[in-house]
Every structure is written in structure tokens, then in C-alpha cells.
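These notes concern the structure reproduced below.
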Amino acid sequence: MGSPGRALRRSFYAGDVLEIAPRLLNKVLVRGQVAARIVEVEAYRGEEDPASHAFRGPTPRNATMFGGPGRLYVYFTYGMHWCANVVCAPAGSAEAVLLRAAAPLRGVDAMRARRPKSRRDVDLANGPAKLCEAFAITGMDDGADLVTGDRGIRILDDGIPPPTAPGVSGRVGIRVAERVPWRFFVPGDHHVSRGPHLQVHW
DNA sequence: CTTTGGATCGTCT
DNA sequence: GACGATCCAAAGG
């Protein structure tokens with residue numbers, strides 16, 4: 001067992017989303033007894049990014065994206081799935097990092113209970129909606145503060161650094177700006193979701 | 001192994 | 001009224 005680690009501070013989230021996204025790799029998402037290492041993320045860049053939920057300005061749904069760094073933006077999609085983002089940059093910027101995949105560290109039994117369809121441990125959180133299901137993240141957690149842990153959700157640094165050379169590719173599942181290389185992952189990690197695992201050069 | 005289609009509903013046009 | 005920052009089971013090679 002590794003050390004529990006300490007929570008990232010507000011300042012960690014306050015900068016540019018394209019710098020913060022790769023730095024979130026190998027950090028640890030924790031809720032109660034459940035913990036998993038973040039191995040895949042995507043950056044969404046507010047009102048400048050056609051693929052961002054904030055592209056057309058503030059709405060009731062995306063309010064958390066505009067509210068300032070260090071909170072969780074949770075949205076519902078495809079009529080059945082929740083996905084979670086970490087809000088970055090100063091309030092009003094609406095930049096966010098989608099948490100796409102994580103490697104289970106602790107609380108595997110709880111994750112399996114929430115995701116009985118997972119046949120193997122590698123399937124517990126290797127996708128944005130699977131990750132939310134494994135952590136029981138729903139719309140009730142939209143706006144959760146990851147710094148204070150007001151809803152029990154935190155992101156910790158346990159001393160494992162981000163990859164020196166993260167994998168980079170286009171983002172998954174979008175139909176606009178798909179060539180923008182804003183997906184980052186831990187190279188070679190088996191818990192990365194489907195999609196291009198190979199490093200892409202642009 | 002890869003491909004395909006169904007499920008299912010909040011959100012914004 | 002159309003469309004998802006998806007997942008899964010089933011069918012096909």
C-alpha cells in the first residue's frame with residue numbers, strides 16, 4: 001500500500017487547462033474507501049472550444065464550469081450516463097478536464113458492487129461514465145469542492161509524478177475539433193479506455 | 001478480434 | 001425535435 005498522499009491545493013487548478021490536464025495524470029481520485037489512479041484525461045477549453053459545453057456561453061447545466069477552479073463539473077449524457085470534469089483556470093474561463101479513466105487502487109469490492117457488469121478489474125473505471133459509476137458520482141455531486149472535500153471527493157498527490165512524456169491524441173467521441181491533440185494518457189497503462197493508445201505526432 | 005445497434009432523457013434550438 | 005465528451009451485448013470474421 002502506498003502513502004495516502006495529500007490533497008491538491010486550489011492553486012494547482014488555477015492555471016491553463018492544457019498545462020494542468022497532463023499534470024493530473026497519476027494523481028489519485030479518492031472517495032471514502034475507494035481510490036483510483038487517474039490515467040487518462042481530456043482538456044476542454046471553455047468558450048473558445050467548439051467541443052466544450054461552455055462554447056455557447058453560460059447555461060444552467062454548465063454553471064459549475066464558470067464558477068472557478070477546483071470543483072467537479074458533472075453532467076448527464078446519452079440518457080443514462082454521468083461524466084465528471086475538474087474545473088480549472090480562474091472563474092469565468094470555463095476550462096475543465098474530463099476524467100476519462102483510472103486504475104483502481106483501493107475499494108475494489110465497492111467498485112465491483114456498483115459495477116456488477118464489469119468482468120475484470122480493468123473494466124471498473126476505464127471510461128468516463130464507468131469511472132463515475134465506480135465512484136458513485138452523479139448530478140448530486142456537481143459543484144463538489146475537490147480541495148475542501150465537502151462531498152467526500154478529493155484528488156491526492158501520493159508522490160507518483162506525472163509521466164515525463166504523456167501519451168497525446170485527439171479527443172474521443174466528439175465530432176468537432178477532433179484533431180486537436182488535447183487527450184492525455186499514461187503511456188502503456190492497461191487501464192486507458194478504448195481509442196488511440198499510440199502516441200500521435202502532429 | 002471488430003462492428004453494429006439499442007438503450008434512454010436532459011438540454012438547447 | 002435532434003442530439004449527445006457512452007456503454008454493453010450480440011453478431012460477424
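In this text the structure is predicted, and so the values were computed from the model without any measurement. Order of the sequence lines fixes the chain letters, A, B, ..., with proteins taken first and strands second; residue numbering starts at 1 for each chain.
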For the pair [X] and [Y], find out whether any cationic side-chain nitrogen is under 4.0 Å from an anionic carboxylate oxygen.
X        : Y        : answer
A:Asp141 : A:Arg31  : yes
A:Glu133 : A:Arg115 : yes
A:Asp158 : A:Lys27  : no
A:Arg120 : A:Asp123 : yes

Point to revise | First of A:Arg115 and A:Glu42 reached from the 5' end of DNA chain C, by closest nucleotide | key: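 Taking each residue's closest nucleotide, the earlier one in sequence belongs to A:Glu42.
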
Whole angstrom is fine here: how far is it from [atom1] in [X] over to [atom2] in [N]?
X        : N      : atom1 : atom2 : value
A:Leu72  : C:dA5  : CG    : C1'   : 14 Å
A:Lys130 : C:dA9  : NZ    : P     : 10 Å
A:Glu40  : C:dT6  : CD    : P     : 10 Å
A:Phe184 : C:dA5  : CZ    : C1'   : 15 Å
A:Asp142 : C:dA5  : CG    : P     : 16 Å
A:Glu178 : C:dG4  : CD    : P     : 12 Å
A:His53  : C:dC3  : NE2   : P     : 16 Å
A:Arg56  : B:dT13 : CZ    : C1'   : 9 Å

Could you tell me whether [X] contacts a base, only the sugar-phosphate backbone, or nothing, with contacts defined as non-hydrogen atoms closer than 4.0 Å?
X        : value
A:Arg171 : nothing
A:Ala129 : sugar-phosphate
A:Arg119 : nothing

Practice item. Among the candidates C:dT6, B:dC12, C:dG4, find the nucleotide nearest to the side-chain atoms of A:Thr59. Key: B:dC12

Study note, to complete from the structure: Ranking C:dC8, C:dC7, C:dG4 by distance to the side chain of A:Pro128, first place goes to C:dC7

Check your understanding: Using 30° and 60° as the class limits, which term best fits the ring planes of A:Trp82 and A:Phe76: parallel, tilted or perpendicular?
Key -> tilted

Check your understanding: Donor-acceptor pair, A:Arg45 side chain versus A:Trp182 backbone, under 3.5 Å?
Key ->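 No; zero donor-acceptor contacts below 3.5 Å.
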
Check your understanding: At under 4.0 Å, does any side-chain N or O of A:Lys117 touch on OP1 or OP2 of C:dA9?
Key -> no

Check your understanding: Stems in DNA chain B: runs of 3 or more consecutive Watson-Crick or G-U pairs, distances under 3.5 Å?
Key -> B:1-7 with C:6-12, B:9-12 with C:1-4

Exercise for review: Please report the shortest heavy-atom distance between A:Pro163 and A:Asn26, naming the atom on each side.
Suggested key: CD-ND2, 3.7 Å

Review point. Looking only at heavy atoms, what is the nearest atom pair of A:Glu42 and A:Arg171, with distance?
Key: OE2-CA, 3.3 Å

**Study point:** Modelled atom types, side-chain donor and acceptor of A:Ser193 and A:Asn126, under 3.5 Å
**Key:**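 Short answer, no.
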
Revision key, fill the gap. Under a 4.0 Å heavy-atom cutoff, the residues of residues 73-99 of chain A touching DNA chain B are A:Phe76, A:Tyr78, A:Gly79, A:Met80

Exercise for review: Report whether A:Leu146 and A:Val39 are members of the same hydrophobic cluster (ILVMFWY, side-chain heavy atoms less than 4.5 Å apart, transitive linking).
Suggested key: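 Yes; A:Val39 is reachable from A:Leu146 via cluster members.
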
